[in-house]
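Worksheet: one structure, shown below.
Here is how names work: the chains are called A, B, and so on, in the same order as the sequence lines, proteins then strands, and each is numbered from 1.
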Protein chains: 2
Amino acid sequence: MNDFLNYINSINPINEDALKEIQQCFKPKQLLKDDFFVKEGEYAHQIGFLKKGIVRAYFLNQKGKEYNKQFFVGPSIIGAYTSLLTKQPNKIAQQALTDCEILVADFNEMEKLYDKFHDLERLGRKIAEFYFLEKEQKEIEMALLDADKRYLIMRDRFPAIELILPQYHIASYLGISPTQLSRIRRKLKNS
Amino acid sequence: MNDFLNYINSINPINEDALKEIQQCFKPKQLLKDDFFVKEGEYAHQIGFLKKGIVRAYFLNQKGKEYNKQFFVGPSIIGAYTSLLTKQPNKIAQQALTDCEILVADFNEMEKLYDKFHDLERLGRKIAEFYFLEKEQKEIEMALLDADKRYLIMRDRFPAIELILPQYHIASYLGISPTQLSRIRRKLKNS
DNA sequence: CGCTGGCATTTACATATGTAAAGAAAATTA
DNA sequence: TAATTTTCTTTACATATGTAAATGCCAGCG
């Protein structure tokens, strides 16, 4: 539980009362490799804290091919944020790539606490802002850099991930085919 | 000013006192075609409400080529959100594509009001969430759809914009070259 | 009215990247 | 260890899209 509190406090410090309340909302849970935290098509209602492990967020294109949109490496917040906010069916599945230790809470309950604690409302704002910044970062990278550079950045950002994931997952995250990633790797080796 | 209040209220209703305070923060201003609301490299400190007109957000790649990241069509909030949040130099310029009527306020002053009014903190949260949702939407479109479909969607979303903007701006928004957009247009005509 | 400049389209070619299939390598299981 | 499956790399080819340059179009100005 302590990891969780540290994580929260690093985003936005929170008063005692509020802390107590949210602690009660979150229950520990195990997520095994390949288990889904949230599936496509369902209405999301849980938010989670990923203590340990790796989770991917992905969706399918028309031909049913997977596109890995994001990797979460603990400690991190997970959950189908868009579905939680819009109350629409979820489009982006989240699946454990390794065994994971998580804490889960009901998002609606959390939202209710916004009324009660200004601190938590602020936390919610900071989290939303953080997500926004992350996305903008990725948007710029996608628009500005070619796959070679994106690959290097991603190795830098998630050093562990290449050891754990098959390369087609990584290719999909970079928005390229495994073949292309293979070509890039070869080019990097010979230079 | 009324447009502004309606816009705010449509995002999140706000109590009288808070309304009064933020009204005082915002001052009317004219932005002429080609004027910048915020430039690259400077520290952003203003947030704006675009009553009327069109503003583009764009950045430059290594070769100095422009990439139009986003169009704002009034009524809308404008401002270099990332720079405002991170207090880092701005990377994404915002420039008027038509003459614009706007209201401007100092973002730090606004942020200070978050402490004073829970309502405003909530508004800030909702805005951040809204921005996030917008970005996710675009991310999915970029990953899932080819330029043809993105073009149709964009015509749908901003019907006016094609009449006002040169086609190379639109191509750049779609992430393709003017040549390619031309090819797409031809293909759509012959079908 | 004809120039001029800005934009759009077209053409020709280069390049990046995709798909499919085959073979090599690595990991897993019996 | 051998067999089997999964993953990775390579090859060959197809396609999408970029760049550069030529041409066409049109509005506004002298």
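Between B:Tyr168 and C:dC7, a side-chain N or O to OP1/OP2 separation shorter than 4.0 Å is present.
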Passes ring-ring contact (aromatic ring centres under 6.0 Å, His included), A:Tyr7 versus A:Phe49? Steps please. CA-CA 9 Å; A:Tyr7 187 79; A:Phe49 174 70; 5.4 Å; yes
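In the displayed structure, A:Lys20 atom NZ is contacted under 6.0 Å by at most 12 heavy atoms of other residues, nucleotides or ligands.
Salt bridge B:Lys116/B:Glu21: present, at least one basic N to carboxylate O contact under 4.0 Å.
One hydrophobic cluster holds both B:Phe117 and B:Ile47 under the rule that ILVMFWY side chains link at heavy-atom gaps under 4.5 Å.
Taking the six-membered ring for Trp and the full ring otherwise, the centers of A:Phe132 and B:Phe132 sit at least 6.0 Å from each other. Checked against the 6.0 Å centroid criterion, the rings of B:Phe71 and B:Tyr173 qualify as a close aromatic pair.
Residues from residues 151-163 of chain A with heavy atoms under 4.0 angstrom of DNA chain D: there are none.
The distance from atom CG of B:Asp115 to atom CZ of A:Arg122, rounded to the nearest 0.5 Å, is 4.5 Å.
Using a 4.5 Å cut-off on side-chain heavy atoms (C-beta onward), A:Asn12 and A:Ile127 make no contact.
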A correct dot-bracket answer for DNA chain D, with pairs being Watson-Crick or G-U at under 3.5 Å, [ ] for crossing pairs and | for inter-strand pairs, is ||||||||||||||||||||||||||||||
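Applying side chain to side chain donor-acceptor pair (under 3.5 Å) to B:Asn108 and the options B:Lys87, B:His45, B:Gln46 leaves one that passes, B:Lys87.
Between the A:Asp3 side chain and the A:Pro75 main chain, no donor and acceptor come within less than 3.5 Å of each other.
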Tell me, for nucleotides 9-19 of chain C in 5' to 3' order, what letter each nucleotide earns: B for a base near a protein heavy atom under 4.0 Å, S for only sugar-phosphate near one, - for neither? BBBB----BBB
